[in-house]
*Asks:* 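Let me give you the structure first, and then I'll get to my questions.
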Number of protein chains: 2
Amino acid sequence: MHETAELLKEHHLKATPQRIKIVSMLEEYGHINIEDLYSEMLKQFPSVSLATIYKNINQMIESGLIQEVKIPKTKSVFELIKEPHLHMVCENCGKIEDICVGTDKVIEEAERLSGYRIKESFITLRGTCPECR
Amino acid sequence: MHETAELLKEHHLKATPQRIKIVSMLEEYGHINIEDLYSEMLKQFPSVSLATIYKNINQMIESGLIQEVKIPKTKSVFELIKEPHLHMVCENCGKIEDICVGTDKVIEEAERLSGYRIKESFITLRGTCPECR
DNA sequence: GGCACAAAAGAAAATTATTTTCTTTTAAGC
DNA sequence: GCTTAAAAGAAAATAATTTTCTTTTGTGCC
């Protein structure tokens with residue numbers, strides 16, 4: 001059995017063709033929004049329902065397989081959960097890239113200044129990518 | 001004329017009572033979502049329309065007076081634009097606090113690693129506040 | 001202070017996004 | 001292969017946001 005199916009099973013989700021496709025797309029594209037997910041799915045599953053997309057995305061979030069990335073001024077995208085990273089968004093071409101830079105410093109200082117115990121960090125930086133300059 | 005009206009004028013927005021109230025609330029609460037904005041407005045303007053809230057919020061965003069803060073797992077809030085800061089969200093009580101900690105280090109390093117020219121940073125940290133521990 | 005007018009408010013309808021319900025289909029264990 | 005709980009799909013329902021249109025009002029100007 002291929003790995004994507006395994007991944008779903010580990011998260012207590014039945015490995016349906018639609019789900020396998022969703023996860024494959026997340027692996028392929030890294031970040032994808034509902035609209036693109038749906039139109040890509042339609043190519044392979046002409047009768048797929050948007051409800052199926054939403055239901056699956058929500059289940060995958062609940063099971064801890066993926067997370068929503070809310071981006072200022074843009075539609076949310078979804079991504080597989082992996083090691084901590086930050087998001088670079090190009091305001092020109094819309095591309096989103098992960099940067100695995102140590103965010104420990106900000107977190108540490110914010111924790112000290114605020115007295116909060118920080119569990120998760122969501123960092124999105126906007127600017128222009130090298131190709132758009 | 002009071003300062004809030006001045007602020008609106010500077011942003012080329014007519015100083016209507018409804019707008020003055022919205023800005024006052026943003027000043028008072030710091031962060032507020034559409035729902036709370038609406039229910040607070042209703043107390044003073046019983047016939048205010050949700051469309052008025054949305055239209056004004058959008059105009060204020062366009063004019064650069066406020067910005068939307070998209071928070072993972074929660075409704076967006078709006079805030080007056082001021083000096084750069086990050087957001088601390090308590091996952092227990094939902095409180096949102098601004099922390100004016102230098103985020104320059106991450107930005108600098110992300111810029112170096114990614115080759116992007118960064119213009120804006122959106123940093124949200126989730127955890128538990130001192131009162132909830 | 002009163003007038004003129006563009007802009008804003010409010011009401012209702014329209015659109016878009018998301019969720020729910022219900023029936024049919026299917027993956028997974030035996 | 002058979003059973004069954006879970007998932008897919010279709011359609012309706014709900015929620016969120018925007019648009020349209022008419023009435024009202026803030027602002028500049030006299």
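If you're wondering where the values come from, they're calculated on a predicted model, not measured in any experiment. Reminder, nothing fancy here: chain letters follow the sequence lines and each chain counts from 1.
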*Asks:* What is the separation between atom CZ on Phe78(B) and atom C1' on dT17(D), rounded to the nearest whole Å?
*Replies:* 11 Å
*Asks:* Under a plain distance cut-off of 3.5 Å, with no hydrogens placed, do Glu68(A) and Ser76(A) share a side-chain donor-acceptor pair?
*Replies:* yes
*Asks:* Please give, in whole Å, the distance from dT16(C) P to Lys75(A) NZ?
*Replies:* 11 Å
*Asks:* So which nucleotide from dA8(C), dG9(D), dA5(D) ends up closest to the side chain of Leu13(B)?
*Replies:*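 For the Leu13(B) side chain, the nearest candidate turns out to be dA8(C).
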*Asks:* Can Leu50(B) and Ile34(B) be said to form a side chain to side chain contact (heavy atoms under 4.5 Å, CB included), step by step?
*Replies:* CA-CA 9 Å; Leu50(B) 247 182; Ile34(B) 294 285; 4.0 Å; yes
*Asks:* Report yes if at least one side-chain N or O of Tyr54(B) is closer than 4.0 Å to OP1 or OP2 of dT17(D); otherwise report no.
*Replies:* yes
*Asks:* Roughly, in whole Å, what's the span from CD1 in Ile57(B) to P in dA16(D)?
*Replies:* 16 Å
*Asks:* Under 4.0 Å, counting only non-hydrogen atoms across every strand here, what does Gln59(A) touch: a base, just sugar-phosphate, or nothing?
*Replies:* sugar-phosphate
*Asks:* Would you indicate what Thr52(A) reaches in the nucleic acid, counting non-hydrogen atoms under 4.0 angstrom: base, sugar-phosphate, or nothing?
*Replies:*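 Contact class for Thr52(A): base.
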*Asks:* Would one find more than 12 heavy atoms of other residues, nucleotides or ligands at under 6.0 Å from atom CZ of Arg117(A)?
*Replies:*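 No, CZ of Arg117(A) has 12 or fewer neighbouring heavy atoms, counting only those of other groups under 6.0 Å.
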*Asks:* Calculate the interatomic distance between Leu42(A) atom CG and dA8(D) atom C1'; express it in whole Å.
*Replies:* 14 Å
*Asks:* Taking only side-chain nitrogens and oxygens of Asn56(B), does any of them come within less than 4.0 Å of OP1 or OP2 of dA8(C)?
*Replies:*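 For dA8(C), OP1/OP2 do not have a side-chain N/O of Asn56(B) under 4.0 Å.
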*Asks:* For Glu68(A) and dA17(C), what is the distance between atoms CD and P respectively, to the nearest whole Å?
*Replies:* 14 Å
*Asks:* Between Leu50(B) and Lys14(B), which is nearer to the 5' end of DNA chain D once each is assigned its nearest nucleotide?
*Replies:*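 It is Leu50(B) whose nearest nucleotide is closer to the 5' end.
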*Asks:* Does Thr16(A) have a side-chain nitrogen or oxygen under 4.0 Å from the phosphate oxygens OP1 or OP2 of dA8(D)?
*Replies:* yes
*Asks:* Might you work through the side chain to side chain contact (heavy atoms under 4.5 Å, CB included) test for Glu97(B) and His31(B), ending with a clear yes or no?
*Replies:* CA-CA 9 Å; Glu97(B) 277 186 74; His31(B) 311 89; over 6 Å; no
*Asks:* For Ile22(A) and dA7(D), give me the distance from atom CD1 to atom C1', rounded to whole Å.
*Replies:*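 Taking CD1 of Ile22(A) and C1' of dA7(D), I get 11 Å after rounding.
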*Asks:* If you only use heavy atoms from C-beta on, which nucleotide in dA6(C), dA7(D), dA11(C) is closest to the side chain of Ser49(B)?
*Replies:* dA11(C)
*Asks:* I need the NZ-C1' distance between Lys70(A) and dA17(C), as an integer number of Å.
*Replies:* 13 Å
*Asks:* Using atom NZ of Lys9(A) as one end and atom P of dA7(D) as the other, report the distance to the nearest whole Å.
*Replies:* 12 Å
*Asks:* Would the base of dG10(C) count as contacting Lys55(B) through its side chain, where contact means a donor and an acceptor less than 3.5 Å apart?
*Replies:*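 Flag set: donor-acceptor pair detected.
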*Asks:* Side-chain donor-acceptor pair under 3.5 Å between Glu79(B) and His87(B), yes or no?
*Replies:* yes
*Asks:* Tell me what Pro17(A) touches on the nucleic acid: a base, only sugar-phosphate, or nothing, going by heavy atoms under 4.0 Å.
*Replies:* sugar-phosphate
*Asks:* Tell me whether the side-chain N/O atoms of Asn58(B) come closer than 4.0 Å to OP1 or OP2 in dT18(D).
*Replies:* yes
*Asks:* Taking for each residue the nucleotide of DNA chain D with the nearest heavy atom, is it Ile34(B) or Arg19(A) whose nucleotide lies nearer the 5' end?
*Replies:* Arg19(A)
